[in-house]
Amino acid sequence: MLNPPLAPPVVPGGYITRRDDSGALIISLAGRLDVSAVTRLSPELDRFLVREKPGRLVVDLGHVEFMDDFGVALLVGLKKDMASWRGLFELAGVSDSIASLLSLHRFNTLGVEERVAPRRRVDLFSRLGHRVLLGLNDASYVLSFLGDTCFSSLKILRRPGSLRMGDMVENMRKVGVDALPIVALISFLLGLIMAFMSSVQLQQFGANIYVASLVGLSMTRELGPIMTAIIVAGRSGSAFAAEIGSMKISEEIDALHTMGLDPHLFLVMPRLIAALLVVPFLTLFSDVFAILGGLLVGVSMLDLTINGYINQTINTLDLFDVFWGFGKSAVFAILIAWTGCLRGFQVEGGAEGVGRATTSAVVTGIFLIILSDSLLVVILRYWE
């Protein structure tokens with residue numbers, strides 16, 4: 001900005017134009033640059049500049065008595081016009097009061113198009129390396145979280161009184177009792193579907209009675225524990241991640257650290273033990289309702305008696321099958337609760353991070369359920 005005025009006084013509220021020796025166009029303004037003056041001057045100056053299209057424009061404010069936001073807007077418009085023609089724009093005769101107003105509005109940055117730096121291409125190896133580093137960081141955090149959980153478990157074994165019994169009972173209600181209706185309904189329908197589909201084939205050989213064996217064995221050993229675990233992962237695993245994640249972004253977990261409390265002992269262990277205690281029994285309820293669904297098909301469509309269906313189920317199953325499914329569901333419960341808490345502790349970025357953690361808890365939980373079930377099936381095959 002040039003301070004001395006470049007032209008003699010102008011009629012208040014008007015302007016004069018002239019060219020200097022270098023060919024620059026000089027516009028000298030005078031009077032008050034308020035809403036009324038700007039409303040009149042703006043279209044006139046726009047038409048004048050479009051006609052002239054100068055390479056360099058100097059606006060002389062040496063005889064301006066007053067300028068408000070509308071005056072600043074007028075100058076910004078002139079500056080934008082010059083920028084669109086790639087011309088130079090300067091101010092002259094700027095008083096202290098006008099300089100303060102322009103500084104308040106950050107005039108130097110207005111009317112200038114921001115140049116976005118070209119996005120650098122990231123090659124395949126860079127992306128691969130970035131993913132590997134993210135995976136290693138995630139693996140490191142998982143191992144650290146697993147170690148903290150194991151230490152918290154040892155603390156509870158040494159001092160059972162350190163476990164928050166109230167929180168554990170409340171989580172047992174949420175994980176087990178509240179999930180019973182949906183588990184019962186889905187298991188009943190699953191048993192009904194299995195019995196109906198298998199009866200289509202078994203009827204051809206007069207082996208209707210073996211529908212009871214198929215439903216009872218498949219639900220007790222495999223489908224009962226898996227379906228129950230998937231339902232719990234969708235309900236409780238996501239809830240654990242959302243609850244702990246919300247505490248993370250609201251800095252409640254940091255407050256626990258500040259108060260000298262162990263977040264794992266305070267948040268993770270009540271949920272983990274609650275799931276471990278109730279999910280196996282929830283699986284037993286699932287088995288019973290699935291068998292009832294098969295019983296409905298057997299009695300109504302296959303001319304089986306209730307007594308015959310139940311006796312065939314009892315003769316097919318033994319205690320090992322029941323306990324095997326019971327034990328598998330305990331493993332699934334630990335994986336679901338631990339994964340949900342892990343994803344909750346990993347939350348970053350506010351509400352969006354909570355949503356990502358909730359989704360990740362469900363997906364990871366179901367993946368671990370299927371993976372662990374596959375390993376257990378292989379173990380059982382070689383065990384028998």
Side-chain angles (χ1 to χ4, degrees), residues 175-177 179-235 278-336 362 365-384:
V175 176
V177 179
L180 184 57
I182 185 65
V183 169
L185 176 61
I186 291 179
S187 299
F188 180 83
L189 294 176
L190 186 60
L192 187 147
I193 293 170
M194 289 179 58
F196 179 77
M197 296 303 296
S198 61
S199 66
V200 174
Q201 300 298 323
L202 293 177
Q203 271 184 321
Q204 301 178 13
F205 306 99
N208 295 346
I209 192 63
Y210 290 107
V211 170
S213 302
L214 188 148
V215 173
L217 193 60
S218 60
M219 287 301 301
T220 303
R221 279 198 174 190
E222 291 297 330
L223 293 180
I226 288 179
M227 290 305 301
T228 303
I230 290 175
I231 294 171
V232 172
R235 289 186 74 260
V278 298
V279 172
F281 292 99
L282 203 58
T283 300
L284 294 181
F285 278 103
S286 172
D287 297 340
V288 171
F289 282 105
I291 291 172
L292 290 178
L295 175 63
L296 178 62
V297 173
V299 172
S300 60
M301 297 181 59
L302 303 178
D303 297 326
L304 299 177
T305 63
I306 297 177
N307 241 1
Y309 190 97
I310 294 176
N311 287 335
Q312 180 65 23
T313 302
I314 294 174
N315 292 334
T316 302
L317 298 177
D318 53 31
L319 286 178
F320 176 80
D321 298 322
V322 177
F323 283 119
W324 179 255
F326 191 88
K328 285 171 63 173
S329 60
V331 175
F332 298 158
I334 294 174
L335 293 175
I336 293 167
V362 177
I366 294 176
F367 170 76
L368 292 177
I369 289 167
I370 303 301
L371 178 63
S372 59
D373 184 70
S374 303
L375 296 176
L376 291 172
V377 167
V378 173
I379 292 173
L380 179 63
R381 171 68 180 83
Y382 285 101
W383 189 0
E384 293 182 333

Worksheet item: Do any pairs count as a side-chain hydrogen bond (donor to acceptor under 3.5 Å, both in side chains) and have a residue in residues 179-194, sequence neighbours left out, and if so which ones?
Response: Ser187-Ser286
Which donor-acceptor pairs under 3.5 Å do the side chains of residues 298-308 make with protein atoms, sequence neighbours left out?
{"unit_1": "Ser300", "atom_1": "OG", "unit_2": "Leu296", "atom_2": "O", "d": "2.5"}
{"unit_1": "Thr305", "atom_1": "OG1", "unit_2": "Gly308", "atom_2": "N", "d": "2.9"}

Worksheet item: Mind checking what makes side chain to side chain contact (heavy atoms under 4.5 Å, CB included) contact with Phe281, not counting sequence neighbours?
Response: Leu284, Phe326
Discussion item. My understanding is that only residues two or more places apart in sequence, or in another chain, count here; which of them pass side chain to side chain contact (heavy atoms under 4.5 Å, CB included) with Ile291?
Written reply: Tyr309, Thr313
Worksheet entry | Qualifying residue, where the test is salt bridge (charged side-chain N to carboxylate O under 4.0 Å, His left out) with Arg221 and the options are Asp287, Asp321, Asp318 | Asp321
Worksheet entry | pair Phe320-Leu380: side-chain heavy atoms closer than 4.5 Å | yes
Discussion item. Using the ring-ring contact (aromatic ring centres under 6.0 Å, His included) criterion, which residues pair with Phe367? Sequence neighbours excluded.
Written reply: none
Worksheet item: Any sub-3.5 Å donor-acceptor pair from Asn315's side-chain atoms to Asn311's backbone N or O?
Response: yes
Discussion item. Looking at every non-hydrogen atom in both residues, tell me the closest pair between Ile182 and Arg235 and how far apart they are.
Written reply: CG2-CD, 4.0 Å
Item to complete: Report the residue from Thr283, Val177, Val175 that forms a side-chain contact (heavy atoms from CB on, under 4.5 Å) with Val278.
Response: Val175
Worksheet item: Any salt bridge (Lys or Arg N to Asp or Glu O under 4.0 Å) pairs touching residues 370-380, not counting sequence neighbours?
Response: Lys328-Asp373
Item to complete: May I have the step-by-step check of side-chain contact (heavy atoms from CB on, under 4.5 Å) for Ser329 and Thr228, ending in yes or no?
Response: CA-CA 8 Å; Ser329 60; Thr228 303; over 6 Å; no
Worksheet item: What are the two closest non-hydrogen atoms of Ala233 and Ile336, and how far apart are they?
Response: CA-CG2, 3.7 Å
Worksheet entry | Side-chain donor or acceptor of Thr220 paired with backbone N/O of Leu217 under 3.5 Å | no
Fill in: Gap between atom CG of Leu202 and atom CD1 of Ile209 - 0.5 Å precision
11.0 Å
Item to complete: List the atom of Val215, the atom of Ala290, and the distance in Å for their closest heavy-atom pair.
Response: CG1-O, 3.8 Å
Practice prompt. Determine, stepwise, if the pair Gln312 / Val211 fulfils side-chain contact (heavy atoms from CB on, under 4.5 Å).
Written response: CA-CA 9 Å; Gln312 180 65 23; Val211 170; over 6 Å; no
Discussion item. Among residues at least two apart in sequence or on other chains, which ones pass side chain to side chain contact (heavy atoms under 4.5 Å, CB included) with Leu180?
Written reply: Leu282, Phe285
Item to complete: Take Phe332 and Ile230 through the side-chain contact (heavy atoms from CB on, under 4.5 Å) test and state the conclusion after the steps.
Response: CA-CA 9 Å; Phe332 298 158; Ile230 290 175; over 6 Å; no
Item to complete: Please round to the nearest 0.5 Å and tell me the distance separating atom CG of Leu292 and atom CD1 of Ile310.
Response: 8.0 Å
Discussion item. Could you work out, with side chain to side chain contact (heavy atoms under 4.5 Å, CB included) as the rule, every residue matching Met227, not counting sequence neighbours?
Written reply: Ile186, Leu190
Item to complete: Check the pair Glu222, Val377 against side-chain contact (heavy atoms from CB on, under 4.5 Å), reporting the backbone distance first and the verdict last.
Response: CA-CA 9 Å; Glu222 291 297 330; Val377 167; 3.3 Å; yes
Discussion item. Suppose we screen for side-chain hydrogen bond (donor to acceptor under 3.5 Å, both in side chains). Which residues come up paired with Ser198, at least two apart in sequence or across chains?
Written reply: none
Discussion item. My understanding is that only residues two or more places apart in sequence, or in another chain, count here; which of them pass ring-ring contact (aromatic ring centres under 6.0 Å, His included) with Phe289?
Written reply: none
